[in-house]
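A note on names: the letters A, B, ... follow the listed sequences, proteins ahead of strands, and every chain is numbered from 1.
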Amino acid sequence: MSEKTIKIQLPDGSVREVALGTTPYDIAMSISPRLAAAVVVARVRPLTPMAAAGTVAEGEEETSEAAMYAGPQAGSAAGERLVDLAAPLTEDIALELLKETDEAALKVVRHSAAHVMATAILELFPETKLGHGPATDQGFFYDVYRETPFSEADLAAIEQKMAEVVARDEKFVREEEPREKGLTDYSAQGEFMKVHFIEKFTKPGDEISLYRNGGFVDFCRGPHVPSTGRVKAFKVTSVAGAYWLGDEKNQQLQRVYGTAFYNAKDMEAHFKRLEEIKARDHRVLGKQLDLFSIQEVAGAGLIFWHPKGGLIRKTMEDWMRDECIRRGYEMVFTPHIMRRELWKISGHEGFYSQNMYPPMELDDAEYRLKPMNCPGHILIYKNSPKSYRDLPQRYAELGNVYRYERSGTMHGLLRVRGFTQDDAHIFCTPEQIEGEIAACVEFADEVLKAFGFAEFKVELSTWDPNDKKSYVGDERHWETAVSSLKKVLDAKGIPYREIPGEAAFYGPKIDIKLVDVLGRLWQLSTVQFDFNLPQRFELEYTGEDGEKHRPVMVHRALFGSVERFFGVLIEHYAGAFPMWLAPVQVGLVPISEKHLEYARSVKAKLEAQGLRVELDERNEKMNAKIREFTLKKVPFVLVMGDKEAATEAVSVRTRGKGDEGSVAMTEFIARAVGLVESRGVLL
RNA sequence: GCCGAUGUAGCUCAGCUGGUAGAGCAACUGAUUCGUAAUCAGUAGGUCAGCGGUUCAAAUCCGCUCAUCGGCUCCA
């Protein structure tokens, strides 16, 4: 047996023949000891497909929970996976040694950091029971159960203890043992969560894998870094509640968050980035730039738009209305409260009431605040008989809706209780449906581009056939609807991800998530198919054949919620809005009081061109005025003194660029007006 | 809704183990009249989130409520 060899193919294409059982570490060492010291983990891909199948099948789970539990695993169709450096190689493989610069391997470091943290927690608080501790995009966490919650001081103590565990440089050793032994041992220790995971992710007769470092052992699929000393930069960041198995009916665990990096410098950069994100937080900027507020006396999740925010909103809404009209929509308005009877007919009473405010008694009946605009639009459609010649009917409304959100869920403008949907409902014949949906998707694309977003991701949400009671309509309806949505996306060549169980109760939908400058994803636009409401309201049109037919209906919102879109916009631009959206486009700074008169004349001229101008008439030094306009992120600041007054000129200071010197008024006006009209992002 | 933290002047924050509030900026008044990110001086401004309790005495300790923040869950 010891004669037996295997082939190892390295990334440069070279192939080495080594003894069976050679480890990636051995190979790294044979290349160079320095490489061996820098390598974190190995990526292997079996060279023969047969072997690949065998390797991947081992312990490979497809559920996301399993993936999360088991930690980082690059499971791909090619059978690629990450293994410990100490893992004996048993077949012909392509081997890649991942060094401390590799992004994928960072997850391994973080997963190992989670083990280090668990080690520290158990040493300090032995009564703690362990859940799971995966790596995340930002770092890692470990879910644990303990009667008393961890305090700030506890977190600091945990971090300190982790430093000790790292200093001990304990080897991560993979061990395997019979599943039954694992179950018995963990049961004896009262580790109910570990018992659950073993039962869920392994089958009777399986060997389970454990990772040991020093006195700490954890059921885990791995892989890990060679030793705890390889977790070089880490921090325990916070603790929060998390439900066991994500179900709020279960007990609450403590999720201890941390992060880890290859080195202190990377970690510093990470926290610096977090600070930058915080600096562009729409809640912070909303206050700084005086855009909006949320008032405790008025209630949570309710937005007050201040004049400057209001102006941006007006600009957004005007643009949207004009675009709708240009595309054959008609603007309508519907009431905010409507009789309960209507919500019974629409099905909201049954399927949506947990999100609706309770009914209010009026003299004649009970009324409810609207959570959606659709029933109102339907009543308009239904108000007069329709012929196929009238279709499609496209009703659009910037409709204020109110939805009950649980108290802990609100978040600035992004999650509120009262918001405005740029909502539209399209009533059309079955033949028209695909064209209408395609037009909606195109429109959505245009909206995102107009506001400066270049990238987006598409999701197709369908129903969960195993949970039919959460949806209306029969199987046949759902299938046709889903297939027509798919057809549109495929025809446009738009890549999408299908998510079963995410549909609205009345039909499947296409959700468009935009990607902002920081690469974050935001759910905004949605195009939804509805075959429920036309039926419930018995909508009809007269066909070419003189018979009555049922129209189909499309719901669509492109901003989604004006509030949320605005919030995302603030963060996207970090408050530095492009010219066409900026609430104040030009700030005027007279150098001294004697230039006030000229400044006023400049203001009048600019305003005559439709520009939004603010003149600082205070008795302040010009530097102070410039500073304030700069902090308010005003695109242009015009400074004027004797020189400018004498020549009908202005000295231009551009946001992000600085002093650009004097130009003639006419020249500046052309530039400013041009920028507004082109809706350019750059100044 | 759940777990944890927080709530002091318009804003950002200080106020140790209980002895009845303080700074900077902003505002207002006055002086200054200035060439590209903060001129100087003075004045005014606070139910210490709200309600209740302990105490001779509460911003400070306790309870409840509201709101905010970080998560969980849920969602546009």
* **Sidechain N-carboxylate O distance under 4.0 Å for A/R313, A/E563** => yes
* Structure fact -> Per nearest nucleotide of RNA chain B, the residue lying toward the 5' end, A/K594 or A/Q295, is A/K594
* More 5' along RNA chain B: A/S662 or A/L253, using each one's nearest nucleotide? -> A/L253
* To do: Evaluate the side-chain proximity of A/P500 to A/T462: yes if any heavy-atom separation is below 4.5 Å, no if none is.
  => yes
* Contact check, side chains of A/W319 and A/V447, non-hydrogen atoms, under 4.5 Å -> yes
Report which part of the nucleic acid [X] touches: base, sugar-phosphate, or nothing (heavy-atom distance under 4.0 Å, all strands).
X	value
A/E620	base
A/R618	sugar-phosphate
A/L631	base
A/A557	nothing

Candidates [options] - which lies nearest the side chain of [X]:
X	options	result
A/N623	B/A38, B/G35, B/C34	B/A38
A/E644	B/A37, B/A49, B/G35	B/G35
A/I591	B/G7, B/U68, B/C34	B/C34
A/E296	B/U68, B/G7, B/G1	B/G7

* Encode nucleotides 43-48 of chain B as B, S and - characters from 5' to 3', where the letter depends on protein heavy atoms closer than 4.0 Å: B to the base, S only to sugar-phosphate, - to neither. => ------
* Asked: Taking protein heavy atoms under 4.0 Å as touching, what does nucleotides 69-76 of chain B look like 5' to 3' if B marks base contact, S marks sugar-phosphate-only contact and - marks none?
  -> SBBBBBBB
Round to a whole Å and report the spacing from [atom1] of [X] to [atom2] of [N].
X	N	atom1	atom2	answer
A/W244	B/C2	CH2	C1'	17 Å
A/Q254	B/C2	CD	C1'	13 Å
A/H306	B/C11	NE2	C1'	13 Å
A/K621	B/U33	NZ	C1'	10 Å
A/F292	B/G10	CZ	C1'	17 Å

Using the [atom1] atom on both, measure [N] against [M] and round to a whole Å.
N	M	atom1	value
B/G53	B/G71	P	38 Å
B/C48	B/C2	C1'	30 Å
B/U8	B/G4	C1'	22 Å
B/U60	B/G50	P	10 Å
B/A37	B/U20	C1'	42 Å

Are [X] and [Y] near enough that their ring centres are under 6.0 Å apart?
X	Y	result
A/F451	A/H572	no
A/W522	A/F453	no
A/Y145	A/W244	no

* Within the pair A/K287 and B/U12, is there a side-chain N or O less than 4.0 Å away from OP1 or OP2? -> yes
May I ask which nucleotide in the shown strands pairs with [N], Watson-Crick or G-U wobble, both distances under 3.5 Å?
N	value
B/G22	B/C13
B/G70	B/C3
B/A59	none
B/U54	none
B/A37	none
B/C48	none
B/A27	B/U43

May I ask you to decide if the ring planes of [X] and [Y] are parallel, tilted or perpendicular, using 30° and 60° as cut-offs?
X	Y	answer
A/F261	A/H270	tilted
A/H336	A/Y402	tilted
A/W343	A/H348	perpendicular
A/F559	A/F565	tilted

* Within the side chain of A/K633, is there an N or O that forms a donor-acceptor pair under 3.5 Å with the backbone of A/A574? -> yes
